[in-house]
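This is a predicted model, so every value here is computed, not measured. Each chain gets a letter, A, B and so on, in the order the sequences are listed, and its residues count up from 1. Scope of the values below: all heavy atoms of this structure, side chains included, with no hydrogens, waters or symmetry mates.
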Amino acid sequence: RKEVEQDPGPFNVPEGATVAFNCTYSNSASQSFFWYRQDCRKEPKLLMSVYSSGNEDGRFTAQLNRASQYISLLIRDSKLSDSATYLCVVNWSNKFYFGSGTKLNVKP
Amino acid sequence: SAVISQKPSRDICQRGTSLTIQCQVDSQVTMMFWYRQQPGQSLTLIATANQGSEATYESGFVIDKFPISRPNLTFSTLTVSNMSPEDSSIYLCSGGTAVAGGYTFGSGTRLTVV
């Protein structure tokens, strides 16, 4: 079983749509959680950390459910520039473990 | 957050040869890591680069194949040894100090072995 699992997608949505991604992790001792964004042929870049209480950054909302061991990312009012692969990342023992990524295509 | 410069950005190598990839961080970081990303797949952790001591390798990766150096808190190298076409991949370094802030990545090395 993979440490971090995500639906690979792709999610094809029109501009302005709301889209949500989920991710599950296997290690209950995981300490911190992140969403990274990776554009084609580029390195991953931190999108946001995920806190137990849930957190929001503009159009992006991240939530963590420790009991069920899943993380979610909600994107509101999708923009063309949101098209990318979104990577769920889980940390334990100071190491990051990556999900396989969920591809998002936002279309005009 | 730290800025990481990685080089080379790409290379095409003959099988049986070795390539050394370098990462330079603009500030001292506690942790540095090396990842591999196969086409269309996610990142797989190769090893944690430990400053002044041997790297800690993940299952499936060994020092003879992927020797790593980390002489100080701002620099690390990964060597891909005795390369075969199966080693064709993108190799990325990553580093940071505060886990809570996430780690940043170098821009990656796209390796093709022919």
Side-chain angles (χ1 to χ4, degrees), chain A residues 1-10 21 23-27 29-53 55 57 60 62 64 71 73 84-105, chain B residues 1-10 21 23 25 29-51 55-61 68 70 73 89-112:
Chain A
R1 183 183 174 188
K2 294 182 181 177
E3 292 92 353
V4 184
E5 299 208 50
Q6 291 180 253
D7 180 345
F21 309 136
C23 160
T24 58
Y25 60 95
S26 60
N27 190 334
S30 299
Q31 297 154 312
S32 50
F33 310 87
F34 308 89
W35 284 99
Y36 275 69
R37 168 190 171 134
Q38 187 172 28
D39 293 284
C40 189
R41 295 179 172 265
K42 299 286 188 180
E43 74 275 19
K45 293 187 177 177
L46 179 65
L47 179 65
M48 58 195 303
S49 302
V50 186
Y51 303 121
S52 297
S53 55
N55 49 298
D57 183 2
F60 299 84
L64 167 65
I71 307 151
L73 176 68
T85 297
Y86 291 83
L87 301 167
C88 175
V89 184
V90 172
N91 162 64
W92 70 83
S93 299
N94 285 328
K95 293 187 284 190
F96 281 17
Y97 295 91
F98 285 76
S100 55
T102 299
K103 189 169 177 58
L104 172 65
N105 296 316
Chain B
S1 55
V3 175
I4 302 179
S5 300
Q6 183 173 345
K7 61 180 182 181
S9 57
R10 59 178 61 235
I21 303 167
C23 273
V25 192
V29 292
T30 308
M31 309 296 293
M32 287 188 76
F33 305 92
W34 287 95
Y35 289 85
R36 181 170 72 184
Q37 186 171 29
Q38 307 279 22
Q41 299 188 24
S42 191
L43 285 77
T44 300
L45 181 62
I46 297 172
T48 303
N50 299 310
Q51 191 262 326
T56 305
Y57 290 84
E58 298 296 303
S59 176
F61 298 97
I68 288 170
R70 191 175 174 202
L73 293 177
S89 188
I90 298 170
Y91 292 84
L92 297 121
C93 64
S94 174
T97 295
V99 172
Y103 296 149
T104 55
F105 282 82
S107 53
T109 297
R110 186 176 296 271
L111 171 63
T112 303

* Structure fact -> Sorted by chain and residue number, the ring-ring contact (aromatic ring centres under 6.0 Å, His included) partners of Phe33(A) (sequence neighbours excluded) come out as Tyr25(A)

* To do: Return the set of residues passing ring-ring contact (aromatic ring centres under 6.0 Å, His included) with Phe98(A) (not counting sequence neighbours), or none when no residue passes.
  =>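 Phe98(A): ring-ring contact (aromatic ring centres under 6.0 Å, His included) contacts with Tyr36(A), Tyr35(B), Phe105(B).
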
* **Residue, of Gly108(B), Gly96(B), Ser94(B), Gly106(B), that accumulates the most heavy atom pairs under 4.5 Å with chain A** => Gly106(B)

* Asked: Quick one: what part of Gln6(A) sits under 4.5 Å from any heavy atom of chain B, side chain, backbone, both or neither?
  ->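 For Gln6(A), neither part sits under 4.5 Å from chain B.
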
* To do: With a 4.5 angstrom heavy-atom cut-off, could you sort out which part of Ser100(A) is near chain B: side chain, backbone, both or neither?
  => both

* With a 4.5 angstrom heavy-atom cut-off, could you sort out which part of Gln6(B) is near chain A: side chain, backbone, both or neither? =>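 When you check distances to chain A, no heavy atom of Gln6(B) falls under 4.5 Å.
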
* **Residue Ser107(B) versus chain A: region with a heavy atom under 4.5 Å** => both

* Give me the contact list for residues 39-46 of chain A versus chain B, heavy atoms only, anything under 4.5 Å, ordered by residue number. =>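 The stretch touches chain B at Arg41(A), Glu43(A), Pro44(A), Leu46(A).
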
* Asked: Could you name the residues of residues 84-92 of chain A that have a heavy atom within less than 4.5 Å of a heavy atom in chain B?
  ->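 Residues in range: Leu87(A), Asn91(A).
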
* **Interatomic spacing from CD in Gln38(A) to CG in Leu92(B) - rounded to 0.5 Å** =>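 The distance works out to 7.0 Å.
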
* Asked: Donor-acceptor pair, Ser42(B) side chain versus Gly99(A) backbone, under 3.5 Å?
  ->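 Side chain of Ser42(B) to backbone of Gly99(A): a pair is present.
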
* With the side chain counted from C-beta on, respond yes when Phe33(B) and Phe96(A) share a heavy-atom pair under 4.5 Å apart, and no when they do not. =>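 Not in contact.
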
